[in-house]
Novice: 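Quick one: structure below, then a few questions.
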Amino acid sequence: MRNVLLVGGVILAVYLLGRRRLAGNIKVLFRGVSFTGGLKRPQFLLRFGIQNPTDRGAVLQSLVGQVDANGRTVADVQSFDAVQIIPNQETRVTITATPAAVGIIQTLAQFIRAKERQPVTVAFNGTANVDGINIPISQTATL
């Protein structure tokens, strides 16, 4: 009986150490955004790279947040599709977000005109849930 408890304790310790190592090493990077769908039904395609330098696979359970362009909130992001994260690699994930604002067509037109004069800075602020571990994301990309 004592040996069974000892073996169970060792297995639990290895599992918890693996989760702690995963939480400390995994990185979620915002790789950019592109537009699709036209002016009547515009959508954003958000690209993320999830770097897993550990030898343990994981599952991205959800990714939520908001997209800001030049300081204006343009879309809310909610993805609850499970994605396998491969060990010792970067897994690419693309999420489609629908603009949140009523006047998004005008906002997109302003960004397209502004892009001709100056770059548009797109920021993503949110959280990724990887194997039950919440990883905050706060990154920007320039179009």
Side-chain angles (χ1 to χ4, degrees), residues 1-102 104-105 107-112 114-143:
M1 180 68 172
R2 187 172 175 202
N3 289 341
V4 172
L5 289 176
L6 182 62
V7 170
V10 168
I11 291 172
L12 180 62
V14 168
Y15 172 76
L16 292 176
L17 274 172
R19 285 182 52 87
R20 183 171 181 234
R21 186 170 159 228
L22 178 70
N25 290 322
I26 203 161
K27 289 184 171 59
V28 180
L29 305 172
F30 180 50
R31 295 290 190 197
V33 64
S34 57
F35 301 101
T36 187
L39 290 176
K40 289 188 178 186
R41 298 189 68 107
Q43 293 182 326
F44 299 104
L45 294 178
L46 305 166
R47 293 180 307 279
F48 295 90
I50 304 171
Q51 295 178 344
N52 181 3
T54 68
D55 58 353
R56 181 175 187 256
V59 177
L60 172 68
Q61 296 170 340
S62 66
L63 196 143
V64 296
Q66 74 180 34
V67 179
D68 296 333
N70 285 352
R72 290 180 166 165
T73 299
V74 293
D76 292 320
V77 177
Q78 297 178 351
S79 175
F80 298 100
D81 296 330
V83 176
Q84 292 293 325
I85 301 170
I86 301 166
N88 295 313
Q89 290 186 25
E90 178 173 302
T91 302
R92 304 261 177 173
V93 177
T94 301
I95 295 173
T96 303
T98 303
V102 174
I104 193 65
I105 295 172
T107 304
L108 285 174
Q110 289 173 357
F111 290 144
I112 291 169
K115 187 176 178 183
E116 295 173 3
R117 289 177 264 146
Q118 64 183 3
V120 176
T121 302
V122 179
F124 179 82
N125 294 300
T127 304
N129 182 319
V130 178
D131 278 354
I133 302 165
N134 289 326
I135 300 171
I137 309 166
S138 180
Q139 297 187 7
T140 60
T142 302
L143 301 177

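Here the structure is a predicted model, which is why all the values come from computation and not from measurement. Atom set for the values below is all heavy atoms of this structure, side chains included, hydrogens, waters and symmetry mates excluded.
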Novice: I'd like to know if the side chain of S79 and the backbone of L63 have a donor-acceptor N/O pair within less than 3.5 Å.
Specialist: no

Novice: At their closest point, which heavy atom of T91 faces which heavy atom of I85, and how far apart are they?
Specialist: OG1-CA, 3.6 Å

Novice: Do side-chain atoms of N125 reach the backbone of S138 as a donor and acceptor pair under 3.5 angstrom?
Specialist: no

Novice: Any side-chain heavy atom of V28 sitting closer than 4.5 Å to one from F124?
Specialist: no

Novice: Please find the pair of heavy atoms, one from T140 and one from F30, that lie closest to each other, and give the distance.
Specialist: C-CD2, 4.2 Å

Novice: Can you name the closest pair of heavy atoms from N52 and G57 and give their distance?
Specialist: ND2-CA, 4.2 Å

Novice: Are V122 and V67 packed together at the side-chain level, in the sense that at least one heavy-atom pair is separated by less than 4.5 angstrom?
Specialist: yes

Novice: How close do Q61 and G132 get, counting heavy atoms only, and between which atoms?
Specialist: OE1-N, 3.3 Å

Novice: So which atom in V59 and which in Q84 form the shortest heavy-atom distance, rounded to 0.1 Å?
Specialist: CG2-NE2, 3.5 Å

Novice: How about I50 and I26: do any of their side-chain heavy atoms sit closer than 4.5 Å?
Specialist: yes

Novice: Return the minimal non-hydrogen interatomic distance between Q66 and T73, and the atom names on each side.
Specialist: NE2-OG1, 3.3 Å

Novice: My understanding is that only residues two or more places apart in sequence, or in another chain, count here; which of them pass side-chain hydrogen bond (donor to acceptor under 3.5 Å, both in side chains) with E90?
Specialist: R31, Q51, R92

